[in-house]
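Okay, so here's the structure we're looking at.
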Amino acid sequence: MTETRPTRSARAEASTSDAPSHRYDAALANAIEAKWHDRWDAEHTFWAPNPTGPLSEGFDAVADRRKLYVLDMFPYPSGAGLHVGHPLGYIATDVFARFQRMAGHNVLHAMGYDAFGLPAEQYAVQTGQHPRVTTENNIANMRRQLRALGLGHDSRRSIATTDVDYYRWTQWIFLQIFNSWYDPAQDKARPIGDLVLQFESGERDASPHTGGRDWSDLDHVERRELIDSYRLAYIAEAPVNWCPALGTVLANEEVTSEGRSERGNHPVYKRPLKQWMMRITAYAERLLRDLDVLDWSESIKQMQRNWIGRSVGARVRFPVVNHEGLDIEVFTTRPDTLFGATYMVLAPEHPLVDRIVPVDWPGGEQLDEWLETPASWRGIFGADVTPAEAVARYREFAAAKSDVERQAETREKTGVFTGAFAFNPTNDQAIPIFIADYVLMGYGTGAIMAVPAHDQRDFEFAKELDLPIVEVVRPPDTWLEEHGVTAGTPADQWPEAYAGDGVGTNSTNDQVSLDGLPTPEAKQAINEWLRNSGFGEPTVNYKLRDWLFSRQRYWGEPFPIVYDETGLPVALPESMLPVELPEITDFEPRIVADDEDTLPEPPLARADGWAHVELDLGDGRKPYVRELNTMPQWAGSCWYYLRYLDPTNDDALVDPDVERYWMHGTRGDGTPAAGGVDLYVGGVEHAVLHLLYARFWHKVLYDLGHVSTPEPFQRLFNQGYIQAFAFTDERGIYVEASEVEERDGGYFLDGEPVTRQYGKMGKSLRNVVTPDDIYRDYGADTLRLYEMFMGPLDQSRPWNTADIVGVHRFLQRLWRNVVDEETGALHVSPETADDETRRLLHRTIAAVADDMATMSFNTAIASLFTLNNQLSRVVGERGAAPLEIVVPLVLMVAPLAPHIAEELWERLGHAGSLVYEPFPEADPVLLVDELVEIPVQVNGKVRGHVMVPPDADAAATEAAARGDEHVAALLAGKTVRKVVAVPGRLVNFVVQQQ
RNA sequence: GCCCGGAUGGCGGAAUCGGCAGACGCGACCGACUCAAAAUCGGUUGCCGCGAGGCGUGUGGGUUCGAGUCCCACUCCGGGCACCA
């Protein structure tokens, strides 16, 4: 590139042309920043020593400091590079980490790259360039952009998930999970070998899972199948989210509620496929319970709670009429309404449907009151056909509806009678069994008991198909009134179901009566009856499903799994790790048709020499076929925070002593904690993806003794987003935002008016501002300061380049207060500051230290502005800045704008970096003013101010207030009914209203 | 529909416990410097009013000597979940 940048701003031109030669401008800032980046690198300034091992050099010097682990969410190295919105969190953690170093902590702060994933692979498909090349280029560019920000990361600890040395340990963790099972008795994961021992010793009975056969009756393959069914990582054929456009299946968490892929918004179809699953459901209760001890925002906790979806209820078994021994099991949160169950509904794909469907529609004595099956039960699906045909038709109808269509529809209830009946166990009444798509196979047991009087969905279905509606919970009078009915109104004349608590009614048999019982007691009573009668038992159900863990992709971690002649998976031994990705040239998914009939073929299937191997896994050398799927992108990001601790360890994923030092159960301030990372900063978009998966893996590692804390992230902070204005022309097309001019309250591009919009920064809105632009025009310190000054970290706010000059001027004034702009010489003085300035200094120190600790960086900066403005006044008067003010000011600025602070620190005569200098401390004596100004109110309105000593009591303050001329005039001739005098705060005279 | 979060000048935002609303910055206006402009420096800037003063934190009520802050009802905006039994 030989030509000069055409976009170089006029401001930068002007400031470099005829400004004083030692003014702090972009050019000077860039020079200073480059110098300190090199210095920090050369001096290993940000190397945080481990207590032991290869990274422990220098630990003795920091051994008495408290540890602090600060972490940013793992970034994906995008080919587009960073825009100014990306580093917001990184700057915040860096400011916090720098402050905490000055406050006496040994701070671990590192940055790595979540580098597997779709974009590099899709780029490879388009260009033929290997994803590794693309990925490494992107990482290099991102490293450059982040280095320019002056982030104090320990560069030795930077890892990428694509490093073979890293994914070797991702595979190792997979093996740990694969080789474990969840023992409900101990409520933890245990080695799979323990389970085998339990079966062999007879301690655990195999027969319930094998059709009544004992472990000793099983052959080798059957035993493996049984054991495999217990593993925390297992293969299952289940309806999965197949996304043809992405050529892969997706986890539930990766599918939006509109039934589209979170990445790319492509249609997703349910189809049965054999896939790897992770048994995260075994941890549902612990994942939920342990949220209570985490310092996370309530909203994120709530999102995880919703996703886990715990509900308390009961399982109830309904015997199927004419099928001896066959029960339909349902889950209900309202077992107290069991007497009101007038029909049942199965999900259309429920496996029992085919077994219960009779040859003909029932009639005569099977139906208590009707002579033949009512037409309404058969509806349009069952008219003129057999039950089997009706079921088939309905299934076809339901399957044809995509999730999107279901969403869009008005949720009119549809369904069809199966022709079969079940007994309501409370009263032995035969109730009809339907299939309907409002019952989902994936939740509970895929079957429900329908209580139309007390469930709105069942109510609507009952109305639609003309089914009986029986009241078993008496609603409160207020509800009856509001719905225009009385206590005597039959439930089928209610305008809607009553789903709330009430008092039991119509619920009595020989053994139990719920009549008159309030709902909570009724639940207890019926649960007891269910247990005694054997029809059911209380239980807890979760919405959370197991995690679908395989992807039909190339650019991901290969599984350390092969298959032998039985087709069952065999774990590779640790000694065979890593399983490296084979080199291939064709990354294209084989079939990309955007419909639901295509089958995925993993790209690894084409690596013939790799996929088929001969190995000796203890059975002698024999052929095996490798697992051809790869792991999802979430795998690598599930544990990277552990690898930062000990990135070079070849013997373990992390040394236990190192792990305990950085992670173990105390917070930075010494109080007990459940999780190891002291501060984790990132976007809210990972609320139920990464944060749930990582907690799950961490708990498995905890159960197996590989980590010492039950939770990975003690404190989570969700930063807001930087949004930006965008502009559309009259066609509604986005135009380049940086070229739009504002004048007379309107916006114009090339003289044509354009419309201002607001949204996420990105290519599609053409409103990207890159950090490189800002470095060029102002320098990195200005960018850092601006991003921290824009507002509170947890809120989203608009980027506004025009506002940047404010913080840039601050740095310029700070510089000018210390360095002569014309000569470059220092103009500081050892003379003491005046009392007012000194007091302001100490107030500022107190405020800034407090704000830094609570990450209120915007107000910390405001305080620094105020002090610097005062210093400017002093310099104006005296021609020199008192060192007494300058030194602490520079130290306070250091976490926020480290380059200029280091430079000033050096010019002030210090040899080393200020990174580990103690943060200034406020003198408490100077925080108290000699006189304080107190507002004086009359009837709540401020009418004057008086100066009083800070320790003046109420009487003295009131006396002073009465002495104020203006106040005295207002009080003259009026009756003071009450005086509120709050010492140090205010005085309020309450006078008779005239 | 359910669950969270939010609403303060022209703009971004500030205001530990219920105690001077609008800190700090942008913008705007005035002035200094300059032949001039930019940059820089100083001042003014919630609204109405010449002023005294009045009004003012999404809306309507309430508690209180006193409410941006607490309570009740609502409006709008953002996010999450959603036929979850």
Side-chain angles (χ1 to χ4, degrees), chain A residues 10-11 13-15 17-20 23 25 257 297-307 309 311 313 330-334 337 345 406-407 409 411-413 436-440 442-451 454-458 460-461 499 541-543 684-685 687-688 720 742 745 785-786 789-792 794-800 802-807 809-810 812-813 816 821 850 854 856 858-866 869 872-873 876 933-945 977-982 984-991:
Chain A
R11 171 169 294 114
E13 288 289 357
S15 62
S17 53
D18 54 348
R23 171 163 292 176
D25 58 13
S257 54
S297 73
E298 206 43 46
S299 66
I300 292 278
K301 288 187 183 182
Q302 205 55 46
M303 281 188 221
Q304 291 219 344
R305 288 189 190 115
N306 287 343
W307 193 261
S311 51
V330 303
F331 172 74
T332 175
T333 56
R334 291 299 299 272
T337 62
V345 186
R406 271 182 216 197
Q407 193 68 26
E409 272 177 33
R411 291 191 179 165
E412 206 166 276
K413 298 288 178 290
D437 65 358
Y438 82 90
V439 173
L440 310 172
Y443 183 76
T445 62
I448 61 156
M449 64 177 211
V451 185
H454 305 293
D455 181 286
Q456 187 57 27
R457 295 156 299 181
D458 297 344
E460 287 163 17
F461 188 80
N541 196 49
Y542 301 92
K543 247 162 69 178
V684 70
E685 71 272 19
V688 289
E742 180 180 2
L785 209 52
Y786 173 62
F789 186 60
M790 290 168 80
D794 55 356
Q795 273 172 38
S796 294
R797 53 284 174 59
W799 177 268
N800 192 355
D803 287 348
I804 292 177
V805 290
V807 293
R809 279 178 199 149
F810 163 76
Q812 233 166 31
R813 273 176 231 156
R816 187 161 47 228
E821 282 191 336
D850 197 54
T854 56
S856 308
N858 54 330
T859 48
I861 293 167
S863 298
L864 292 169
F865 274 29
T866 306
N869 288 344
S872 298
R873 238 163 279 143
E933 192 185 53
I934 299 279
V936 182
Q937 299 180 338
V938 176
N939 286 343
K941 293 193 192 295
V942 178
R943 298 299 181 182
H945 292 93
R977 300 169 53 115
K978 184 173 181 180
V979 180
V980 182
V982 184
R985 282 290 191 188
L986 58 36
V987 181
N988 187 13
F989 295 101
V990 184
V991 304

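To find a chain, count down the sequence lines: A is the first, B the second, and so on, and within it residues start at 1.
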Of the listed nucleotides [options], the one nearest the side chain of [X]:
X        : options             : value
A:Tyr438 : B:C83, B:A85, B:G25 : B:C83
A:Thr859 : B:C84, B:A14, B:U40 : B:A14
A:Arg943 : B:G54, B:G25, B:A85 : B:G54

Mind checking if [X] touches a base, just sugar-phosphate, or nothing, with heavy atoms under 4.0 Å?
X        : value
A:Asn869 : sugar-phosphate
A:Asn858 : sugar-phosphate
A:Lys301 : nothing
A:Arg873 : nothing
A:Gln456 : nothing

Q: Please test A:Asn939 against A:Val990 for side-chain contact (heavy atoms from CB on, under 4.5 Å), starting from the C-alpha separation and ending with a verdict.
A: CA-CA 5 Å; A:Asn939 286 343; A:Val990 184; 3.8 Å; yes
Please check the phosphate of [N] (OP1 and OP2 only) for any side-chain N or O of [X] closer than 4.0 Å.
X        : N     : value
A:Arg809 : B:U40 : yes
A:Arg813 : B:G42 : no
A:Arg305 : B:C81 : no
A:Lys978 : B:G66 : no

For this session: Kindly indicate whether a cation-pi arrangement holds for A:Lys413 with A:Phe461, taking the cut-offs as under 6.0 Å to the six-membered ring centre and within 45° of the axis.
Result: no
Using Watson-Crick geometry (N1-N3 plus N6-O4 or O6-N4) or G-U wobble (N1-O2, O6-N3), each under 3.5 Å, B:G42 is paired with B:C30
Note: for A:Gly442 and A:Phe989 on RNA chain B, the residue whose nearest nucleotide lies more 5' is A:Phe989
| If you take atom types as modelled and just measure distance, does the side chain of A:Asn988 reach the base of B:C65 with a donor-acceptor pair under 3.5 Å? | yes
